[in-house]
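Fair warning: this is a prediction, and the values are worked out from it, not measured in the lab. Within every chain, numbering begins at 1; the chains are lettered A, B, ... in the order of the sequence lines, protein sequences first and strands thereafter. Reckoned from all heavy atoms, side chains included, excluding hydrogens, waters and symmetry mates.
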2 protein chains.
Amino acid sequence: MSRVPFKEQVLRVREDAIVEAVNRLLVSKGYDLMTVDEVAAEAGMSKASLYKHFTSKEELAAAAMVRVMDRTLAVVEGRRDQSADASALEQLRAVVRWTLQVQLAGEMPTLPSHNSRLVSTLKEHRAYMDRLLQLSEFLGEWITEAQAQGDINPDLPPELVLFTLFARACDPVLPLLKAGGQYQDDDLVDWVCATTFSGLTGPVPAKARRIRNAA
Amino acid sequence: MSRVPFKEQVLRVREDAIVEAVNRLLVSKGYDLMTVDEVAAEAGMSKASLYKHFTSKEELAAAAMVRVMDRTLAVVEGRRDQSADASALEQLRAVVRWTLQVQLAGEMPTLPSHNSRLVSTLKEHRAYMDRLLQLSEFLGEWITEAQAQGDINPDLPPELVLFTLFARACDPVLPLLKAGGQYQDDDLVDWVCATTFSGLTGPVPAKARRIRNAA
DNA sequence: GTCTATACCCGGATAGAC
DNA sequence: GTCTATCCGGGTATAGAC
């Protein structure tokens with residue numbers, strides 16, 4: 001077996017602690033209000049040490065996004081291999097469900113789209129862009145398959161479907177309802193998942209359809 | 001007729017210019033990256049003068065939100081009075097369409113939900129909260145009516161429906177697709193509106209339903 | 001590589017003359 | 001009420017000793 005130098009292991013552990021802290025802070029305060037001092041404090045080191053691992057605040061954010069991308073890719077690839085009998089629509093629905101659960105668990109980081117420095121850092125970031133493209137391809141296959149089977153509206157551009165699914169990762173509806181505090185997490189996930197695929201109208205029972213069409 | 005003092009007219013005009021500038025900057029850079037210096041420059045006055053009208057950056061943001069609320073309330077009340085024959089669902093759909101168009105036109109301001117100072121300023125802000133509640137009541141009536149008629153899924157909490165509609169005002173799908181630049185604005189509005197009410201599955205033609213249910 | 005201390009800058013808010 | 005000039009907190013990033 002190949003020996004991993006002890007020093008590198010320590011390095012990895014510390015960097016994991018940093019990225020973990022960034023993730024927590026991105027969730028709780030958002031990128032702009034997150035300070036590098038806080039990250040260092042949460043990760044248990046000084047700010048200067050932190051800057052030896054990551055060269056800028058933008059790089060910290062990118063690392064957190066890489067981490068969540070890896071988690072997502074693991075889920076997607078897992079379902080590819082082990083639930084290959086599921087329909088494309090079911091696969092997509094399962095991924096959305098998982099995304100909503102991660103968000104409810106307070107583990108889904110998001111970044112402000114307005115910050116142009118941050119956006120360009122991400123666009124240059126190989127590790128991040130590779131994973132983003134990889135994920136888009138996986139989902140894209142399921143999307144076109146579901147459209148071919150008529151499970152997703154074939155008139156919609158696949159791009160729009162993809163973005164709509166991505167958008168569930170930062171859907172404001174979930175935190176708003178959770179803040180109200182009068183619903184079970186599972187119900188929230190069910191409802192948002194249902195509206196994503198079936199809309200507010202909902203899956204129309206045959207009876208209601210007849211009545212409405214008659215009107 | 002009651003005479004409006006000239007000085008007050010000037011005041012109003014200048015404050016309109018300020019709020020207009022804030023709106024533009026909120027759209028283009030977002031709250032965090034918007035600086036009060038920029039607002040003053042765009043409004044054509046010095047920062048110190050600006051602070052005579054609005055006492056803080058948060059108040060500026062609140063004023064912009066009041067403005068967009070007023071625009072929205074005008075649309076809603078207009079449809080109430082002049083399109084009273086439309087179904088509740090049609091009314092809601094029309095409001096969503098209008099919202100999406102405003103967003104595409106680059107006139108829809110949004111605020112970061114993470115900033116707790118900002119959030120508490122808004123919660124204390126009478127003018128803003130009054131309008132928010134008023135709008136929620138108007139939409140709430142249409143929502144329960146549409147649910148009673150079976151046009152909106154009655155199993156969904158009205159709250160969730162309301163939040164889902166509100167969320168269209170800051171839907172990231174629209175700007176993402178617009179950035180791609182290969183679709184007409186009208187199509188984008190149609191598609192997002194369709195997915196909001198009918199979901200990604202889309203309005204299911206009877207034929208497809210039979211085929212799928214048989215499988 | 002880790003720390004303490006600090007340079008440097010930017011942005012919100014204000015002082016004080018007019 | 002408007003301006004110029006300034007304060008001051010806080011944030012990113014770095015210097016330099018260990």
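The Glu58(B) side chain lies nearest to dA13(C) when the options are dC3(C), dA13(D), dA13(C). Here dT12(D) is the nucleotide among dT4(D), dT4(C), dT12(D) with the atom lying nearest to any side-chain atom of Tyr51(A).
A sub-4.0 Å separation between OP1 or OP2 of dG1(C) and a side-chain N or O of Ser49(A) is absent.
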List, one per line, each side-chain donor-acceptor pair under 3.5 Å for residues 101-111 of chain A, sequence neighbours excluded.
residue, atom, partner, partner atom, Å
Gln103(A), NE2, Asp171(A), O, 3.1
Glu107(A), OE1, Arg71(A), NH1, 3.1
Glu107(A), OE1, Arg71(A), NH2, 3.3

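We find that CG of Asp37(B) is positioned 8 Å from C1' of dG12(C), with the value rounded to whole Å. The distance between atom CE of Met45(A) and atom P of dG1(C), rounded to the nearest whole Å, is 12 Å. The interatomic distance linking Lys52(A) (NZ) with dT14(D) (P) rounds to 10 Å, in whole Å. At whole-Å resolution of the value, CG in Leu60(B) and C1' in dG11(C) are 14 Å apart. The distance between atom CZ of Phe54(A) and atom P of dT2(C), rounded to the nearest whole Å, is 12 Å. A straight line from CG of Leu50(B) to P of dG11(C) spans 16 Å, rounded to a whole angstrom. Nucleotide dC9(C) holds its P atom 19 Å from the NZ atom of Lys57(A), rounded to whole Å.
For the segment residues 14-36 of chain B, residues with any heavy atom less than 4.0 angstrom from an atom of DNA chain C are, sorted by number, Met34(B), Thr35(B), Val36(B). Contacts between residues 110-122 of chain A and DNA chain C, defined by a heavy-atom separation under 4.0 Å, are absent.
We find the CD-CZ distance between Glu90(B) and Arg93(B) to be 8.0 Å, quoted to the nearest 0.5 Å. Distance CD/Glu58(A) to CG/Asn115(A): 6.5 Å, rounded to 0.5 Å. Summarising the geometry, atom CD belonging to Glu42(B) is positioned 4.5 Å from atom CG belonging to Leu25(B); distances are rounded to the nearest 0.5 Å.
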>> Is there a side-chain contact (heavy atoms from CB on, under 4.5 Å) between Trp191(A) and Val173(A)? Walk through the geometry before answering.
In response: CA-CA 10 Å; Trp191(A) 288 329; Val173(A) 172; over 6 Å; no
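If you check the side chains of Glu145(B) and Gln91(B), you find no donor sitting under 3.5 Å from an acceptor.
Arg80(B) has its side chain within reach of Trp142(B): a pair of non-hydrogen atoms, C-beta onward, lies under 4.5 Å apart. Residues Pro203(B) and Asn153(A) form a side-chain contact, since some pair of their non-hydrogen atoms from C-beta on lies under 4.5 Å apart. Under the 4.5 Å side-chain criterion, counting only non-hydrogen atoms from C-beta, Leu165(A) is in contact with Phe197(A).
Using a 4.0 Å heavy-atom cutoff across all strands shown, Thr55(A) reaches no nucleic acid atom at all.
One N or O donor and one acceptor, one from the side chain of Lys47(B) and one from the base of dG12(C), sit under 3.5 Å apart.
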